[in-house]
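Below is one structure; the comments refer to it alone.
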Amino acid sequence: MNTREEALALDAADPLAPLRAQFALSPDTLYLNGNSLGVPPAAAAQRAQVVIAAEWGEGLIRSWNTAGWFTLTKRLGNKLAPLIGAAHNEVVVTDSISVNLFKLLGAALRLQKQRDPKRRVIVAERGDFPNDLYIAQGLISQFDGAYELRLIDDPSELPAALQPDTAVAMLTHVNYRNGAMHDMAALTQLIHQKGALVLWDLAHSAGAVPVDLNGVGADGAVGCTYKYLNGGPGAPGFVWVPHRLQNAFEQPLSGWWGHRAVFTMNPVYEPDDGIGRFLCGTQPIVSMALIECGLDVFLQTDMQAVRDKSLALTDLFIEQVEARCDEFPLRLVTPREHAQRGSQLSFTHPHGYEVMQALIARGVIGDYREPQVLRFGFTPLYTRYADVWDAVEALRDVLVNETWRAAEFAARVAVT
């Protein structure tokens, strides 16, 4: 592509283009950070007003019944399920991804202990989002050295790490830093052959790439709704467990919402049948309600169409960066192969932080991760081909004129 007009022509022919109008986008911003926080659906503000003024303000506590608050977790889960290859009543939207991972990991370890007490090792990648490793470390610290976290530095090390003592492999489908994507089907099969269970983190997958959890035979998954699903900052996450394992899993956070009969107020915990047992405490209804606005947009398309545009956008960005910024020390660290990358692109630059801050000051919003990584996320529901062209033009200008050298761009902010 040689001109912006060609990018505009692609936008004119884009079958997903009409969905862009369903998001509240600033005309002064090129937003390439949907991999960290999605933009608000246009319907979200009105939905929040209804929840606060009518359902809460007028309905008050009656709205747990009359407005469907009590069943919202499962309703949202069933709307999300097709995006990740899940069946009806296999997903609930609840709690944070951290809490949900704690639940799943605890349940998987308990089940493996019943099957084979020698299996006491969790295998994970050192380069995964640190939060997942922290959750595993915190969980195993409660068992006085009975469990171990075994870290690998490269996927090629996974077969050797899966020993007879491995209970669970905890893997992230799309890496948060470099956007590399695992072959979920192949790794799930390998892990099962070694007698271990596999839990997948879909934080950078759900709503970005096609996922088929049941098709690959996975054992559990967690994810968040505030990235590509556009659920809002800090919106609750989700947990998936296949029907075949739901009642075999005993999750450690046995809160009252996971009871089979919540309002009997029985002092003895009895887990709900099915996915309901993965609930814990009272749900944050205002933020939960907004998630539905984002999910409803996905009902108007399918994940293959989303994936096709994602690959086209990211291919174009790579092509344009390499054609127009080739004299600068930018290095692509995301795999070029379609099957090996998600919907983000990561480039390193010796002054990556400063370059990203200069871009943000220009209204081109990506983000930064150590070490030296500029991340650009592409959300096909609202990202345009012209946005790609304009973002690369801004990047070139920042590099050519070295505006990133301004002292203000070196000052570190709390959230990068």
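Positions are given from 1, in the same order as the sequence printed here.
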[X] side chain to [Y] backbone, donor-acceptor under 3.5 Å:
X	Y	answer
Asp95	Asn100	no
Gln344	Gly377	no
Gln49	Ala45	no
Asp165	Val121	no
Asp219	Val198	yes
Thr379	Leu381	no
Arg119	Arg115	no
Arg260	Pro271	yes
Lys103	Gln251	no
Arg177	Glu370	yes

How about [atom1] on [X], more than 12 heavy atoms from neighbouring residues, nucleotides or ligands closer than 6.0 Å, or not?
X	atom1	value
Lys194	NZ	no
Glu322	CD	yes
Trp64	CH2	yes
Ile61	CD1	no

>> Suppose we screen for salt bridge (Lys or Arg N to Asp or Glu O under 4.0 Å). Which residues come up paired with Asp128, at least two apart in sequence or across chains?
In response: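 Applying salt bridge (Lys or Arg N to Asp or Glu O under 4.0 Å) to Asp128 gives none.
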I'd like to know if the side chain of [X] pairs up with that of [Y] as donor and acceptor (distance under 3.5 Å, no hydrogens or angles considered).
X	Y	result
Asp315	His338	yes
Trp69	Glu55	yes
Gln283	Thr94	yes
Thr166	Gln163	no
Asn175	His182	no
Ser98	Asn131	yes
Thr188	Trp200	yes
Asn178	Arg375	no
Gln304	Asp308	yes

To check you understand the geometry: which heavy-atom pair defines the closest contact between [X] and [Y], and what is its length?
X	Y	value
Met288	Val93	CE-O, 3.3 Å
Phe378	Tyr228	O-CE2, 3.7 Å
Tyr385	Ala312	OH-CB, 3.4 Å
Ser310	Gly342	OG-O, 4.2 Å
Ile275	Gln246	N-OE1, 3.1 Å
Gly68	Arg75	O-NH1, 3.9 Å

>> Are Trp257 and Phe70 an aromatic pair, judged by ring center distance below 6.0 Å?
In response: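 Here the rings of Trp257 and Phe70 have centres that are less than 6.0 Å from each other.
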>> Would Asp14 and Arg20 count as a salt bridge (Lys or Arg N to Asp or Glu O under 4.0 Å) here? Give the steps.
In response: CA-CA 11 Å; Asp14 174 19; Arg20 179 179 165 86; over 6 Å; no
> Is there a side-chain contact (heavy atoms from CB on, under 4.5 Å) between Asp387 and Tyr31 once you walk through the steps?
Replying inline: CA-CA 8 Å; Asp387 294 337; Tyr31 194 70; over 6 Å; no
> Less than 4.0 Å between a side-chain N and a carboxylate O, is that true for Asp154 and Arg126?
Replying inline: no
Enumerate, atom names and distances included, each donor-acceptor pair closer than 3.5 Å involving a side-chain atom of residues 350-361, sequence neighbours excluded.
{"unit_1": "Tyr353", "atom_1": "OH", "unit_2": "Ala411", "atom_2": "O", "d": "2.9"}
{"unit_1": "Tyr353", "atom_1": "OH", "unit_2": "Val413", "atom_2": "N", "d": "2.9"}

> After noting the C-alpha distance and the side-chain angles of Glu90 and Lys74, does the key distance pass the salt bridge (Lys or Arg N to Asp or Glu O under 4.0 Å) rule?
Replying inline: CA-CA 9 Å; Glu90 286 189 337; Lys74 292 182 180 178; over 6 Å; no
>> Is the shortest side-chain heavy-atom distance between Leu37 and Lys227 below 4.5 Å?
In response: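 With C-beta onward as the side chain, the pair stays apart.
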> Does the salt bridge (Lys or Arg N to Asp or Glu O under 4.0 Å) test come out yes or no for Asp367 and Arg369, once each step is laid out?
Replying inline: CA-CA 7 Å; Asp367 66 8; Arg369 291 293 180 267; 3.7 Å; yes
> salt bridge (Lys or Arg N to Asp or Glu O under 4.0 Å) between Glu393 and Arg396: does it pass, once the steps are laid out?
Replying inline: CA-CA 5 Å; Glu393 187 63 24; Arg396 175 170 172 76; 5.7 Å; no
